[in-house]
2 protein chains.
Amino acid sequence: MGTSLRDVARLAGVSVKTVSNVVNGYAHVSPATRAKVEGALSQLDYRPNLSARNLRQGRTGMIALALPELDAPYFAELSRFVIDAAAEHRWLVIIEQTGGSLERERRILDGVRDHQVDGLILSPVAVGAEELAARTDDTALVLLGERIYDGPADHVAIDNVRAARDVTEHLIGLGRRRIAALGAQDDTASGTAPLRLAGYRQALAAHGLPETIVKVDRYQRAEGAAAMAGLLAAAEPPDAVFCFNDLLALGAMRTVLAAGLRVPEDVALAGLDDIEDGRYSTPTLTTIAPDKNQLARIAVALLKQRIDGSTARPPEEFTAGHRLIPRESTVGRAPSGG
Amino acid sequence: MGTSLRDVARLAGVSVKTVSNVVNGYAHVSPATRAKVEGALSQLDYRPNLSARNLRQGRTGMIALALPELDAPYFAELSRFVIDAAAEHRWLVIIEQTGGSLERERRILDGVRDHQVDGLILSPVAVGAEELAARTDDTALVLLGERIYDGPADHVAIDNVRAARDVTEHLIGLGRRRIAALGAQDDTASGTAPLRLAGYRQALAAHGLPETIVKVDRYQRAEGAAAMAGLLAAAEPPDAVFCFNDLLALGAMRTVLAAGLRVPEDVALAGLDDIEDGRYSTPTLTTIAPDKNQLARIAVALLKQRIDGSTARPPEEFTAGHRLIPRESTVGRAPSGG
DNA sequence: CTGAAAGCGCTTACAG
DNA sequence: CTGAAAGCGCTTACAG
């Protein structure tokens, strides 16, 4: 292997303990001894063996972030914030992709101990609250961004019902009356789809407007494009569509524009996530911006508390902020040079 | 901690060695013994302590993937492939973000030993070949997707010069004559910008066409948008722009469309990376598609070879495939229902 | 086919 | 302020 504490101790003429003290910044070391040790340390280019340290301390300095897929822009952006927040606690982040499959989520939940991470941040899609409650692995766990209320673990998310209501109210306020929801789902134990659907329905009900609900399997551009084609083919197409995430909205936008229709004049479109794509599309995309940095920071801070574990408090729900960002896809374009 | 091999051995009435044999699938264990041990294993819900195993074996089962930023779609897509390819070798992947800064790239290169990963895949931006050659850390290293030819490590990339020439030839073939390059850079020791610029110049030179070169600091939408505004303000704006990546192209597209101009009629646009955004933009974006899966698989396979290290071969250069994908932003839209 | 023992490199009470 | 020693949990020659 490399050089060990023993090699350094031998060269410096001190004990292993003393070298360890210097390496770990223990205060009470005489200046002369410290100098000797530091000389040996740099002469041998000593690097601590973290596996050994971990074995001794029962900590690994790593956490896992498990999410459906890294190449969905929302999760890529969120991951970046999580990695940055974790770095402040000197944690490295292992990323695992679940593909939203129940089996993979289960395996990760059950296998965190194997991976020897100090904690897990999971963005669940398939696994349900009762299953989480039955978990035997006691590794620190924080749920990020999906439903599972009253679950057995700390949980951070935006207020999805409220966010969906906000967007829908925005569309109603612009005079739209045939407003479709694109992104409902069967079969998900913990997804946000039911919450977003609930918010949509609340807003429509308050104004006595009819519902049009379209389901998808996955929150991807291709599905948004296909579902939108279905809506356009209807006898009375919608004049606005609230898509449950930005990818669906961008896919839908493609379909509308490719059909020669105008956004928002013929169909207004809104999404949710505020991924960067929507800030540069033409038209730009109206959306709900979750405070991703806040989501990440809260998740990491909660995990930190659980890992340090001095206070064994009951699981808590945290709500991160969100705000509506009206853009061209609903309010139209500013006059331009064209 | 949890249950150890010793606990299992005690319960099964065998030695620790025997339990270890069963856990590790060692062949020569009598069926009776195996049954006893497996009973104890599952009764105690034994999980191996990987820190201990790592300490003993000098392997961690983890590799690091260091890239500029995870929320750039190209890197997010690439990461996904790397994680999947690594999983086939039972490696977990730690992701580190360099932000493209020299200091962070250096720290990661120098610090891999600290992190106790078995190897590192680095997508370098700032660090140069000579610096890499002087590296003291002997952890296995593979460079991914940027220049640094004849460097001291295995390297996988597409043929950037050729790719740039392919796009530029495509634009020329469509009759464009004032073709700008957007994405040149100062100051990067290892970036692909000089290679892409070279390919662009080769194509123009072959046809006796004039060059227009615009520099950017970073390959992001905002910079593409700003740089395009500069081009449009020129006395004689280009009739086509080859942007050095898709994000720059999507930013440029936004500027052109927002100015009331048409793509490709007034200005044709092409990028490089084939990120999903460009498949759903309106117009869709012509681009070069690097074979990202191949890039990832080769990188992981090379790292595997280095880590297993039976053959100490000299560093090699590998070239992954790429292909031009003509889309609406250069060849125009198919007739539609509008 | 199975066991007893050493040792990977570190940290941590325990002495002094 | 410093040292000698134990032990974290595992794997691996070495015996038998």
Side-chain angles (χ1 to χ4, degrees), chain A residues 1-41 44-62 90 111-118 139, chain B residues 1-41 44-62 90 111-118 139:
Chain A
M1 304 176 105
T3 34
S4 72
L5 280 187
R6 233 174 81 185
D7 303 324
V8 178
R10 204 174 286 147
L11 178 63
V14 299
S15 78
V16 164
K17 169 68 155 65
T18 301
V19 181
S20 175
N21 283 343
V22 171
V23 168
N24 293 300
Y26 180 67
H28 307 293
V29 179
S30 75
T33 309
R34 180 182 299 277
K36 262 194 307 189
V37 171
E38 277 170 352
L41 240 21
L44 295 175
D45 192 22
Y46 171 78
R47 309 298 181 98
N49 180 320
L50 296 195
S51 288
R53 183 180 287 173
N54 296 341
L55 172 58
R56 194 45 234 248
Q57 297 188 326
R59 292 283 178 84
T60 64
M62 305 197 186
R90 307 182 139 269
V112 248
R113 250 180 304 177
D114 293 352
H115 296 151
Q116 291 300 112
V117 294
D118 296 335
T139 307
Chain B
M1 305 177 105
T3 33
S4 72
L5 280 187
R6 234 174 80 185
D7 303 325
V8 179
R10 202 174 287 146
L11 179 62
V14 299
S15 77
V16 165
K17 168 69 156 65
T18 301
V19 182
S20 176
N21 282 343
V22 172
V23 168
N24 293 298
Y26 181 66
H28 307 291
V29 179
S30 75
T33 309
R34 180 181 300 277
K36 261 194 309 187
V37 171
E38 276 169 352
L41 241 21
L44 295 175
D45 192 22
Y46 171 77
R47 310 297 180 99
N49 180 321
L50 296 196
S51 288
R53 184 179 286 174
N54 295 341
L55 172 58
R56 194 45 236 246
Q57 298 188 324
R59 291 282 179 86
T60 64
M62 306 198 186
R90 309 182 138 271
V112 246
R113 251 180 301 177
D114 293 353
H115 298 150
Q116 291 300 112
V117 294
D118 296 336
T139 307

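Quick note on labels: first sequence line is chain A, next is B, and so on, each numbered from 1. All values reported here derive from a predicted model rather than from experimental measurement.
- With sequence neighbours left out, the side-chain contact (heavy atoms from CB on, under 4.5 Å) criterion links Asp118(A) to Arg59(A), Thr60(A), Trp91(A), Ile307(A).
- Of the residues in residues 29-36 of chain A, those with a non-hydrogen atom less than 4.0 angstrom from any atom of DNA chain D are Val29(A), Ser30(A), Thr33(A).
- By the side-chain contact (heavy atoms from CB on, under 4.5 Å) test, Val14(A) pairs with Ala12(A), Thr18(A), Val19(A), Thr33(A), Lys36(A), Val37(A), sequence neighbours left out.
- For the pair Val23(B) and Arg53(B), the minimum side-chain heavy-atom distance is below 4.5 Å.
- With values rounded to the nearest 0.5 angstrom, Leu41(B) atom CG is found 10.5 Å from Arg47(B) atom CZ.
- Here CG of Asn21(A) is found 7.5 Å from OG of Ser15(A). Values are rounded to the nearest 0.5 Å.
- Interatomic distance, OG of Ser51(A) versus CG of Asn49(B), reported as 9.5 Å (0.5 Å rounding).
- Rounded to an integer number of Å, the gap from Arg10(B) CZ to dG3(C) P is 14 Å.
- Between Val29(B) and Arg34(B), the closest heavy-atom pair is CB-NH2, 3.7 Å.
- Picking from dG9(D), dG3(D), dC10(C) the nucleotide with the shortest atom distance to the side chain of Ser15(A) gives dG3(D).
- Taking atom CG of residue Leu50(B) and atom P of nucleotide dC10(D), one finds them 9 Å apart after rounding to whole Å.
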Treat primed atoms plus P, OP1 and OP2 as sugar-phosphate and everything else as base, then score nucleotides 11-16 of chain C 5' to 3': B for base contact with protein heavy atoms under 4.0 Å, S for sugar-phosphate contact only, - for none.
BBB---
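- For DNA chain C, each stem of at least three Watson-Crick or G-U pairs (distances under 3.5 Å) is given as range with range: C:1-3 with D:14-16, C:5-12 with D:5-12, C:14-16 with D:1-3.
- With rounding to the nearest 0.5 Å, the separation of CZ in Arg10(A) from CG in Leu44(A) is 10.5 Å.
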